[in-house]
S.K.: 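This is the structure I have questions about; it appears just below.
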Amino acid sequence: MNNRTKKFIRNKAIHFILLMLAVAIFSFILLELSPIDPVNAYLKQAVISPEQRLILEQYWGVNQPLTTKIWGWLSNLLQGNLGNSLIYRVPVIDVIYERFMASFVLMALSWVISGIIGFGLGIVAGKNKGGWIDKLVKLYCYVLQSAPSFWIGLVILIIFSVELGWFPIGMSVAIGTLSSDATIWQWLARLVLPTLTLSLVGVAPIAMYTRNELVNVLSSDYILFARARGESGWPLIERQALRNTLLPALTLQFQNFAELFGGAVLVEQVFSYPGIGQTAVAAGLQSDVTLLLGIVLISAVFVFVGNTLADVMYYFVDPRIRENESFDKN
Amino acid sequence: MSKLLEIEKLSISFSQYFKGLEQRELKVLSDLTMDVDDHEILAVLGSSGSGKSLLAHAILGILPSNAKVSGSIRYKGKEMDDELKEELRGNKISFIPQSVNNLNPLMKVKEQAIGYIKDEKDKEKIIKKQREIFNQYNLSEEVDEMYPFQLSGGMARKVLISTALLNDPEIIIADEPTPGLDEEAVKETINNLVELKEKGIGMILITHDINTAIETSDRIAILYLGYVIEITDTKNFSGEGEKLLHPYTRSLYRALPETYFELTEGHQPSYQNIPKGCPYHENCSRQIRECHYELPELREVNGTIIRCFNPLGEGD
């Protein structure tokens with residue numbers, strides 16, 4: 001491990017800590033300012049006497065000053081204690097772990113699929129700029145980009161589940177079975193449609209971006225020179241343009257981590273897929289403050305990891321960044 | 001001596017939209033006629049942005065698709081259609097581009113120098129040859145593994161020249177090979193180009209640097225607003241410039257700090273408003289009636305090809 005790597009890790013670590021601190025504090029303040037009252041959320045409209053209520057308020061620490069509350073939240077957080085979920089009555093960390101895994105499979109699959117297909121479509125469209133393939137890809141991208149993902153989800157649900165009946169309409173396991181009893185096939189069958197939806201939607205930005213990037217690269221001086229030296233067709237693109245296009249496309253795809261998260265929330269809702277997105281919606285609607293805060297934190301970690309991965313990838317793909325090391329060493 | 005490359009009445013124009021929907025033809029090269037022999041360097045001299053590079057692209061057949069081209073280009077007497085151009089580029093005709101920007105920033109120098117190899121069997125041979133050429137230009141083995149951003153200006157120039165030699169070309173088109181280099185590197189580049197000529201290569205040297213043109217070339221073609229106005233022997237750029245027949249060429253020569261540092265009034269019109277008649281007449285001290293409404297044809301006067309109704313004589 002050389003100095004540069006150490007410096008990179010150190011900077012990223014500081015960055016991460018500051019980010020988490022900021023997210024923890026500000027999301028807490030936001031929730032504090034919201035009309036959510038933890039006592040009411042806990043009681044769920046049950047009738048109690050004012051004395052009982054006072055005891056509960058004391059238990060939850062409702063009347064403490066904001067700074068004390070934040071301090072309590074942060075010190076618990078540092079010990080890894082995210083509190084208990086109000087709706088599930090289990091530690092938040094367990095809920096998040098279980099739900100996040102389900103979401104992660106969904107997001108990772110659609111991320112990879114949309115990335116590969118999007119990049120491929122972008123390359124094909126960019127190479128045939130102005131041709132019918134290009135127009136077709138562009139049409140697809142514009143339509144998908146302008147349609148909301150939950151609507152696409154509904155359309156897919158109508159086609160594949162209602163009309164064709166190929167896949168179950170929702171839930172990660174069939175009604176009446178415990179999730180631990182579900183076979184892997186049942187589980188997979190319920191993964192297909194949400195993944196398909198997220199992938200279809202995810203293809204649009206990456207394909208458009210790749211296309212434009214390739215068109216730019218193809219009008220560059222070095223491509224002109226390569227053509228002047230007799231290179232042409234696919235070999236030209238493969239040799240001279242693919243890597244140069246891949247680089248910005250990769251960055252975009254990693255930055256899309258954040259959007260993927262947003263898309264997953266809606267799609268999980270449509271397909272009743274019990275992932276982190278659906279849980280977030282439930283936590284919000286039922287005033288489950290601890291769970292909501294936990295999800296906010298985990299989302300921040302997720303997006304941060306995405307961006308960091310993009311940085312690391314750059315290091316391997318772009319020689320200009322890698323080779324700068326040799327200057328640092330001197 | 002045989003004519004390697006003959007260009008006749010070549011015009012290149014682009015149509016562009018002007019003020020909304022009004023479409024206009026923008027002529028960048030008009031009625032260009034010139035030729036190159038083997039063992040010869042023909043310098044094409046013109047101001048920046050005068051479409052000189054497009055001449056190179058036209059010969060190589062790599063113009064953008066919206067360019068309109070007319071006229072003819074012949075290689076050893078054979079008309080160059082798109083097919084022949086494709087066959088010749090990177091083969092019998094090599095191109096030395098302007099700058100390090102013409103190298104792929106994400107590709108190692110060696111990979112770029114050897115170019116695309118269709119047959120894996122040839123690879124070793126080509127790499128060996130590339131090494132030989134690099135050695136000739138004092139490019140060490142380290143350079144092979146470098147990326148373009150690690151090259152100095154002079155090294156990049158040598159790499160670009162090396163790429164042109166890999167395929168034993170008969171014709172080299174060099175597009176502005178000297179700007180941005182220090183004096184030493186310019187001298188070296190010029191020597192390299194002259195060496196190539198002596199080996200028998202015919203070269204078109206596109207430049208806006210009159211000194212480079214004088215030091216390297218055998219003949220100089222002067223462009224003004226996309227028109228060739230004079231093609232003259234380089235040795236005529238000497239003394240008081242008395243053998244330069246076109247008023248523009250002579251004032252260009254006499255404007256050099258090394259000669260008379262004479263300034264001519266006026267400025268070159270834009271390509272959108274190329275004047276009717278002779279393109280130079282607005283600034284010409286020797287204009288006559290015809291110059292205003294008729295384009296002078298290229299003609300030969302005392303071994304010089306010139307586009308002028310009222311050329312200068314040796315005594316003027």
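Lettering follows sequence order; numbering is per chain, from 1.
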S.K.: For A:Tyr140, I'd like to know if atom OH has over 12 heavy atoms of other residues, nucleotides or ligands within 6.0 Å.
M.R.: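 More than 12 heavy atoms, drawn from other residues, nucleotides or ligands, come within 6.0 Å of this atom.
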
S.K.: Please check if the side chain of A:Trp111 supplies one atom and the backbone of A:Leu106 the other of a donor-acceptor pair under 3.5 Å.
M.R.: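 Side chain of A:Trp111 to backbone of A:Leu106, a donor-acceptor pair under 3.5 Å: no, none is there.
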
S.K.: Picking from B:Ser94, B:Gly90, B:Ala56, B:Pro64, which has the most non-hydrogen pairs under 4.5 angstrom with chain A?
M.R.: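 Most heavy-atom pairs under 4.5 Å with chain A: B:Gly90.
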
S.K.: Could you tell me whether the side chain of A:Arg227 and the main chain of A:Ser232 form a donor-acceptor pair under 3.5 Å?
M.R.: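 Judged by distance alone, no pair lies under 3.5 Å.
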
S.K.: Where does A:Glu231 contact chain B at under 4.5 Å (heavy atoms): side chain, backbone, both or neither?
M.R.: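 For A:Glu231, the side chain is the part near chain B, not the backbone.
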
S.K.: Under 3.5 Å, side chain of B:Gln112 to main-chain N/O of B:Val109, donor-acceptor pair present?
M.R.: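 Not at all, since once roles are kept as given, no pair shorter than 3.5 Å links the two residues.
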
S.K.: Going by atom types only, do B:Gln98 and A:Asp221 share a side-chain donor-acceptor pair under 3.5 Å?
M.R.: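 No.
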
S.K.: For B:Asn91, is it the side chain, the backbone, both or neither that has a heavy atom under 4.5 Å from a heavy atom of chain A?
M.R.: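 For B:Asn91, neither part sits under 4.5 Å from chain A.
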
S.K.: With a 4.5 angstrom heavy-atom cut-off, could you sort out which part of B:Ile62 is near chain A: side chain, backbone, both or neither?
M.R.: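 Contact with chain A involves both backbone and side-chain atoms of B:Ile62.
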
S.K.: Output yes when a side-chain donor or acceptor of B:Glu132 lies under 3.5 Å from a complementary backbone atom of B:Lys129, and no otherwise.
M.R.: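 Flag not set: sc B:Glu132 to bb B:Lys129 has no pair under 3.5 Å.
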
S.K.: Top residue by heavy-atom pair count (under 4.5 Å) with chain A, among B:Leu88, B:Val100, B:Leu60, B:Thr163?
M.R.: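 The candidate making the most pairs under 4.5 Å is B:Thr163.
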
S.K.: If you tally heavy-atom pairs under 4.5 Å against chain A, which of B:Glu111, B:Glu86, B:Lys85 wins?
M.R.: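 The answer is B:Glu111.
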
S.K.: With a 4.5 angstrom heavy-atom cut-off, which part of A:Leu247 approaches chain B: side chain, backbone, both or neither?
M.R.: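 The side chain, not the backbone.
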
S.K.: Select one option (side chain, backbone, both, neither) describing which atoms of B:Glu87 are under 4.5 Å from chain A's heavy atoms.
M.R.: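 The answer is neither part of B:Glu87.
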
S.K.: Hey, which of A:Pro235, A:Ala226, A:Ser220, A:Ser219 has the most heavy atom pairs under 4.5 Å with chain B?
M.R.: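 That would be A:Pro235.
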
S.K.: Can you check whether A:Ala264's main-chain N or O pairs, donor with acceptor, with A:Tyr273's side chain at less than 3.5 Å?
M.R.: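 Absent.
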
